[in-house]
Amino acid sequence: MSTPYDQEIEDLLALYQRQREAAAETRRQINEVTGVGLAPRQSVKATVSAQGDVTAIEFPTGAWRRMAPKELSEALLAAISQARAKALEQVAELTTLNLPSGVGIADLIQGRVDPTALLPEQPGMPDQVREYVENGRPEGLRRPG
């Protein structure tokens with residue numbers, strides 16, 4: 001015999017599972033993010049991952065050949081900085097509505113937090129509720145038919 005709460009509990013567990021799957025999908029999307037920055041005069045192009053790791057440096061023009069070492073260094077840093085800002089912007093768009101309270105984008109970007117770890121596979125609940133979910137209403141609490 002089912003109770004009025006059975007469907008509600010099933011709906012809550014299904015919602016929880018959807019949230020967990022959404023967290024995993026967000027992580028997958030974050031892993032695919034790249035940011036590209038271009039230094040002035042297109043002398044340097046940098047590509048970074050969502051975590052800010054430099055994944056590529058390119059010199060689209062020959063302008064870098066005429067640059068002093070300090071100027072080239074500044075161009076590299078500018079391109080990398082711009083690329084990181086763009087990657088962070090993309091990650092922010094992906095996570096703005098989905099982040100739990102107390103979790104910052106920087107934690108996700110740096111890999112310090114795994115969104116699926118924020119939502120354990122099985123939701124926390126008191127033993128009596130877990131028993132009810134797994135086995136139904138305990139015998140002592142059944143209504144007389």
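Because the structure is predicted, anything quoted here is derived from the model rather than measured.
- Taking CD of Glu71 as the reference point, atom CD of Glu74 lies at 7.5 Å (rounded to 0.5 Å).
- The heavy-atom pair separating Ala83 from Gly37 by the smallest distance is CB-N, 3.4 Å.
- Note that the CD atom of Gln51 and the CG atom of Leu88 stand 11.5 Å from one another [nearest 0.5 Å].
- A search for side-chain contact (heavy atoms from CB on, under 4.5 Å) contacts involving Lys45 returns Val36, Leu38, Glu58, Pro60, not counting sequence neighbours.
- The environment of Gln90 atom CD is dense: over 12 non-hydrogen atoms of other residues, nucleotides or ligands sit within 6.0 angstrom.
- Using a distance-only test at 3.5 Å, with no hydrogens or angles considered, no donor-acceptor pair links the side chain of Ser43 to the main chain of Ala39.
- Inter-residue side-chain proximity for Arg84 and Asp53 is flagged as unmet; no heavy-atom pair is nearer than 4.5 Å.
- Hydrophobic cluster of Met67: the remaining members, joined at side-chain heavy-atom separations below 4.5 Å, are Val44, Val48, Val54, Ile57, Phe59, Trp64, Leu72, Leu76, Ile80, listed by chain and number.
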Test salt bridge (charged side-chain N to carboxylate O under 4.0 Å, His left out) on Glu89 and Lys86 and set out the steps.
CA-CA 5 Å; Glu89 197 174 288; Lys86 288 182 179 181; over 6 Å; no
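- Salt-bridge check for Glu21 with Arg18: failed, with every basic side-chain N at 4.0 Å or more from each acidic carboxylate O.
- Atoms CD and OG1, from Gln19 and Thr26 in turn, are 11.5 Å apart once rounded to the nearest 0.5 Å.
- In this structure, CG on Leu12 lies 10.0 Å from CD on Gln7, to the nearest 0.5 angstrom.
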